[in-house]
Structure formats: structure tokens, C-alpha cells
Amino acid sequence: MATRDNKLWQGLTAEAQQALVMRDYAPQSFGERLAGAGLEAGQLAAVDRTAPENRDIWIPGVEIFPRKIHHQRHRGVFGEFVRRDEGLLQRIGFWPGQWANARMFAQTAKGFHVHPPSIPAGTKPEAWTRRLFIEEPENYALRRYAEEQWDVMFFVQGVAEMILRDVRAGLPSRTMRFFVDGDDRPGANNVGIVVPPGVAHAIRVEGSEDVIMVYGTSTSFHPEFEGRIGSEVETAALPQSWERFLK
């Protein structure tokens, strides 16, 4: 935080001076921006994740992969999501058991929610998580897709802000914040996102246009797989007079 020069603001009342907040314009590292103000999704899709400085900031198991959206002049756009036997989902052995779509109105958000990791009987959660994502990160056959909910998400309209927070036992807490463009804005920020269980995620609409998303889950919907964290953002408060009447 920048230091305020009180002499510069001496022409204001004491109350106004106390209310002043100085923004910090100091340059930030890639990791600081990822965990703070956020980055464009295209930057994450293109980053070299094998570099030591990036390994330390990336949430293990999260995948952000580019998509190509094709202009169709006078008609619109065309873009594939994924092919079952090609690309990233094929490589990690994940094919959704259910597909769905959602529309988020402008100025709304989906609060943080998290899906529970499946821990084999007789195994400590910390040891299992470290084996999956630290010791054997490319042994995809270990992943329990049929017993836990993995998400893969795509955005077809609008701009969405996504925030991910790793809350798995045995792994350091890390935050990834980024912005994804829908297919109606073709460019580098058209990406697919894979979110593992144990990684809390929230989505907020950026701008004044509704967001439309399509997502696949490794399992069919199970209410018990959905843990809500700070989801009051989804509730529109009623006027106080209405609340009094209803009581």
C-alpha cells in the first residue's frame, strides 16, 4: 500500500483525510496477479507450467486448455468443446458422465462450492492427495472419476470471472483467479477448465451481458457431493417491509 502524503491533502477535512485509501501501483509478479487481481485465461493456457516458478503457484489437477472458435461471417461462430478420444480429456482419462448448461444473469455470481475427494479405505487423505498430485501426477489411472465429481467447464457467451481455491488436505492452499471469454468473443481467452474435487470454485459475471456456460461432470448429479461455502451471494435479499410482513 502506498504511503499517503498528509501535506498534499491538508486542504481536506480530517474526516475526509482519514477516509482516503491509496492504491498500490507497484508491479506484481505473475503469481501475485494470479492469486490477486486475476489474469486473462489465455495467459494461463499458454504458460509453461513446468517452470519452477509456475509449479509453485498452480493448483495441482487444474487444467486450462485453449479452444479455437471459428468466425462464420454473416452467421455467427462455431467452436468445439472436446473430442472423446483426442486432446486433454483423453490424456487424463476423464470423460463426463453428465452434461449440463447454465445461464447466469448479468451482475450475478455462483458462490464458492466444493466437491468432496474420494479417499480409498485405509488411506490417510493427506497421503492420498500427495500421491495423486505430487508424487504420481501423471498416473491418471489412480484418479477416482467414478466416485468423485470432476468438472470441465466451457463458456459460450459473455465474460466470466473464475476463482479457484485449493482446500485439499495435504496440499498448500493456493488461489487462481482468471477471466474467461465466451465463444461470442473469439480469441485467446476461449478456454476449457478442469476443476478437481477438493478445489473450491466460484463464478462471477463480468460486465453487463448474461453468461452461458456448458459443463460436464464425471458423475451424475449427487446433492451430497456439493458443499457450499459463502454462497449467500446467490440469495437476493427481500425488502425489509416484505420480511416483516412474512414474519
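Keep in mind that what you see is a predicted model, and the values were worked out from it rather than measured.
Side-chain atoms of D85 and Q90 include no donor-acceptor pair closer than 3.5 Å. Side-chain atoms of W128 and E126 include no donor-acceptor pair closer than 3.5 Å.
Between F94 and Y145, the ring planes lie parallel to each other; the angle is under 30°, not in the 30° to 60° tilted range. Classification of the W99-F81 ring pair by plane angle, with boundaries at 30° and 60°, yields parallel.
A salt bridge (Lys or Arg N to Asp or Glu O under 4.0 Å) check over residues 198-224, counting only residues at least two apart or in different chains, returns the pairs R103-D210, E161-R204, R185-E209.
Residues H201 and H115 bring their aromatic ring centres within 6.0 Å.
Cluster membership for L142 and V194, using ILVMFWY side-chain heavy atoms within less than 4.5 angstrom, is shared.
Within a 6.0 Å radius of CD in Q107, no more than 12 heavy atoms belonging to other residues, nucleotides or ligands are found.
Applying the salt bridge (Lys or Arg N to Asp or Glu O under 4.0 Å) criterion to D166, with sequence neighbours excluded, gives R168. Scanning for ring-ring contact (aromatic ring centres under 6.0 Å, His included) contacts around F179 gives an empty result, with sequence neighbours left out. The salt bridge (Lys or Arg N to Asp or Glu O under 4.0 Å) check on E63 picks up R49, with sequence neighbours excluded. A14 pairs by the side-chain contact (heavy atoms from CB on, under 4.5 Å) definition with nothing, not counting sequence neighbours. Shown here are the salt bridge (Lys or Arg N to Asp or Glu O under 4.0 Å) partners of R55, two or more places apart in sequence or in another chain: there are none.
One distance of note links CD of Q43 with CD1 of I64; it measures 11.0 Å at 0.5 Å rounding. Here R131 contributes atom CZ and N139 contributes atom CG; the two are 7.0 Å apart, rounded to the nearest 0.5 Å.
Remark: of the listed residues V180, L44, D151, V180 is the sole one forming a side chain to side chain contact (heavy atoms under 4.5 Å, CB included) with I193.
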